[in-house]
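What's counted below: heavy atoms across the whole structure, side chains too, no hydrogens, waters or symmetry copies. Each chain gets a letter, A, B and so on, in the order its sequence line appears, and its residues count up from 1.
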Amino acid sequence: MVIKPNFFNKNTLLVAKKLLGKYLVRRLGKKEIALMITEVEAYDGHKDKASHASRGKTKRNYPMFGPAGHFYVYLTYGMHWMLNIVTGEKDYPAAILIRGVGNLNGPGKLTKFLKIDKRFNGKKAEKKTGLWFEDRGIKIKERDIKKAPRIGVLYAGPIWSKKHYRFLLKNIKNP
DNA sequence: TAAGTGATCTCT
DNA sequence: GAGATCACTTAA
């Protein structure tokens with residue numbers, strides 16, 4: 001079943017954990033590619049120094065301030081698109097970075113494989129968009145979730161870079 | 001381990 | 001307008 005926007009309209013850390021084991025589905029032409037989400041990172045609120053939203057709303061990060069269930073896509077290092085899903089209330093800047101799906105590890109590889117770019121920025125996660133989330137009934141237990149510090153955010157200082165806002169599945173099961 | 005790559009942010 | 005920075009990948 002397709003996941004609705006209100007699924008994302010909750011505490012970001014909670015949603016991040018619940019997103020593990022769900023499916024990211026992409027329609028390319030007539031084909032649908034469904035990949036299980038195995039790794040995510042949370043960026044929660046303007047106080048989070050590692051978040052793009054920590055310095056207020058800008059032309060780039062405005063989708064983070066929008067309603068939950070929309071995508072935030074941006075380019076980094078001149079060549080890699082990052083895919084995020086916005087969470088929380090409108091005007092509360094928060095999003096979850098999808099770092100790994102299926103057998104792909106790394107946010108840059110993911111977007112390259114699924115042909116995701118800025119066209120999805122600010123779009124709603126639904127079938128019409130061509131990129132959405134599905135719940136296929138896989139249950140993830142708390143002990144299967146590993147918590148770890150986020151990647152590439154050392155610039156945010158010791159407090160925010162050490163927070164365990166990264167969640168990944170320990171045993172990747174093949175459905 | 002280092003280089004590639006370019007939009008965006010933060011100063012002038 | 002210029003310069004620094006960056007939620008990464010790949011090939012050695």
Assign A:K112 to base, sugar-phosphate, or nothing according to its heavy-atom contacts below 4.0 angstrom with the strands shown.
nothing
Canonical and wobble pairing (Watson-Crick, G-U, under 3.5 Å) of DNA chain B, dot-bracket with |
||||.||||||.
A:T129 side chain vs A:L131 backbone, donor-acceptor pair below 3.5 Å
no
Between A:R60 and C:dC6, is there a contact of a side-chain N or O with OP1 or OP2 at under 4.0 Å?
no
Taken to the nearest whole Å, CG/A:L110 to P/C:dA7 is 17 Å
By nearest-heavy-atom nucleotide on DNA chain C, the more 5' of A:I151 and A:K109 is A:I151
Side-chain donor or acceptor of A:H80 under 3.5 Å from a matching atom on the base of C:dA7?
no
Between A:T58 and B:dC9, does any side-chain N or O lie under 4.0 Å from OP1 or OP2?
yes
Taking OP1 and OP2 of C:dA7, is either one under 4.0 Å from a side-chain nitrogen or oxygen of A:Y72?
no
Out of C:dC8, B:dT5, C:dC6, minimum distance to the side chain of A:R99 belongs to C:dC8
How about NZ on A:K118, more than 12 heavy atoms from neighbouring residues, nucleotides or ligands closer than 6.0 Å, or not?
no
Are the ring centres of A:F133 and A:F7 closer than 6.0 Å?
no
Rounding to a whole Å, what distance do you find between A:E39:CD and C:dA7:P?
16 Å
Same cluster or not: A:M36 versus A:L28, using hydrophobic residues (I, L, V, M, F, W, Y) connected whenever any side-chain heavy atoms lie under 4.5 Å apart?
yes
Would you mind reading off the distance between A:H52 atom NE2 and C:dT5 atom C1', rounded to a whole angstrom?
10 Å
Ion pair A:R150/A:D48, N-O distance below 4.0 Å
yes
Using centres under 5.5 Å plus planes under 30 degrees as the test, is A:Y77 stacked with B:dG6?
no
Got a sec, which residues hit ring-ring contact (aromatic ring centres under 6.0 Å, His included) with A:Y74, two or more places apart in sequence or on another chain?
A:H52, A:Y72
So does A:A156 get a backbone contact from the side chain of A:S161, meaning a donor-acceptor N/O pair under 3.5 Å?
no
Find the distance A:I98:CD1 to C:dC8:P and express it as a whole number of Å.
14 Å
Just to confirm, is there a sub-4.0 Å distance from OP1 or OP2 of B:dC9 to any side-chain nitrogen or oxygen of A:R55?
no
When all nucleic acid strands are considered with a 4.0 Å heavy-atom cut-off, which category describes A:R150: base, sugar-phosphate, or nothing?
nothing
Need one value for A:M82: base, sugar-phosphate or nothing, where a base atom within 4.0 Å counts as base even if backbone is also close, heavy atoms only.
sugar-phosphate
